[in-house]
Amino acid sequence: MHVNQLHPWPTSVSEAESVQERLRLHVELTGPTDFTTVAGLDVHYHGDDALSAAVVVLDSGTLAVVDQVVVHGKAAFPYVPGLFAFRELPALVEALERLTVTPDLLVCDGYGLAHPRRFGLACHLGVLTGLPSLGVAKTPFVGTHTTPDRERGSWTPIILDDTTVGRTVRTQKAIKPVYVSQGHRITLDTATAQVLRLAPRFRLPDPIRAADHLARQST
DNA sequence: GCGACAG
DNA sequence: ATCTTGTCGC
């Protein structure tokens, strides 16, 4: 698939923050509710700045693998909370470009709207590709929230500056919740429903698990 | 001011 | 994220 090229690559924290402030204006918070194929994205780090970026496309109904790509590269930015996306973006974009199919939804490992400038990795990948996207994180990052009930499917809002920016979602009974937020061209209801549908058996959605496994195995 | 801070 | 041992559960 084709991905719009990244704008002048930031070389400082302030430049990276400017890129986020500019691109965030393109985020759309409504979109389709159903998807034929779904891509999971994840990155595995080795040593200093070496990394493997994996994308696995699954059939949305059967969860069978349709296509997969691994790219080996280097972190493109130092780790700075809030600018985490700049580390993995070039490798993930290259992996997406090498896909033979265009997925209908990107399921990203990290945050989307639940971000200090409302523009986490999931938003960034969504805007660059033009595809619907959502973020699933394993730990809280910004905002306040309460604990959801222990039943699978229960959730609570994540609030930042009096605005809902995501949800804690219990994907399995009595298992730690995940933190879901919108990326691009998707509603929070749809993002929540998709995460639950894609995580029928484990804490994390199958597309992310598949990408995680592929990135690890590729070492 | 200090610590914490997606991966 | 990674490092590494221990522990729990299928």
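Reminder, nothing fancy here: chain letters follow the sequence lines and each chain counts from 1. Just so we're clear, the structure is a prediction, and the values are computed from it rather than from any experiment.
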Is there a path of hydrophobic side-chain contacts, each under 4.5 Å between heavy atoms, that joins A:Leu106 and A:Leu188?
no
Give DNA chain B the dot-bracket treatment, 5' to 3': Watson-Crick (N1-N3 with N6-O4 or O6-N4) or G-U (N1-O2, O6-N3) under 3.5 Å, [ ] crossing, | other strand.
.......
Can you confirm whether A:Ser52 sits close enough to A:His72 that some side-chain heavy atom of one is under 4.5 Å from a side-chain heavy atom of the other?
yes
Go through it in stages, so that I can follow the logic: the residues are A:Arg118 and A:Leu160, the test is side chain to side chain contact (heavy atoms under 4.5 Å, CB included), and I'd like the CA-CA distance, side-chain angles, deciding distance and then a yes or no.
CA-CA 10 Å; A:Arg118 309 288 212 283; A:Leu160 180 62; 3.3 Å; yes
Measure the shortest side-chain to side-chain distance between A:Glu97 and A:Met1 over non-hydrogen atoms and say whether it is less than 4.5 angstrom.
no
Pair A:Arg167-A:Asp189, side chain to side chain contact (heavy atoms under 4.5 Å, CB included): steps then yes or no:
CA-CA 10 Å; A:Arg167 286 176 183 166; A:Asp189 278 344; 2.8 Å; yes
When you compare the side chain of A:Trp155 with that of A:Val195, does any pair of heavy atoms fall below 4.5 Å?
no
Please work out which of the three classes, parallel, tilted or perpendicular, describes the rings of A:Phe84 and A:Tyr79, given edges at 30° and 60°.
perpendicular
Restricting to nitrogen or oxygen on both sides, can you table the protein-nucleotides 3-7 of chain B pairs closer than 3.5 Å?
| unit_1 | atom_1 | unit_2 | atom_2 | d |
| --- | --- | --- | --- | --- |
| B:dA6 | OP2 | A:Tyr79 | OH | 2.7 |
| B:dA6 | N7 | A:Gly82 | N | 3.3 |
| B:dA6 | N6 | A:Gly82 | O | 3.1 |
| B:dA6 | N6 | A:Phe84 | N | 3.4 |
| B:dA6 | N6 | A:His115 | NE2 | 3.3 |
| B:dA6 | N1 | A:Leu121 | N | 3.3 |
| B:dA6 | N3 | A:Tyr111 | N | 3.1 |
| B:dG7 | OP1 | A:Lys138 | N | 2.8 |
| B:dG7 | OP2 | A:Thr139 | OG1 | 2.9 |
| B:dG7 | O3' | A:Asp109 | OD2 | 3.1 |

Determine whether A:Asp104 and A:Ser60 make a side-chain contact, defined as any pair of heavy atoms from C-beta on separated by less than 4.5 Å.
no
For the residue pair A:Phe86 and A:Trp9, categorise the inter-ring angle as parallel (less than 30°), tilted (30 to 60°) or perpendicular (more than 60°).
perpendicular
Identify all pairs in which a protein N or O lies below 3.5 Å from an N or O of nucleotides 8-10 of chain C, and state each distance.
none

Classify the side-chain pair A:Thr168/A:Thr156 by whether it contains a donor and acceptor separated by less than 3.5 Å.
yes
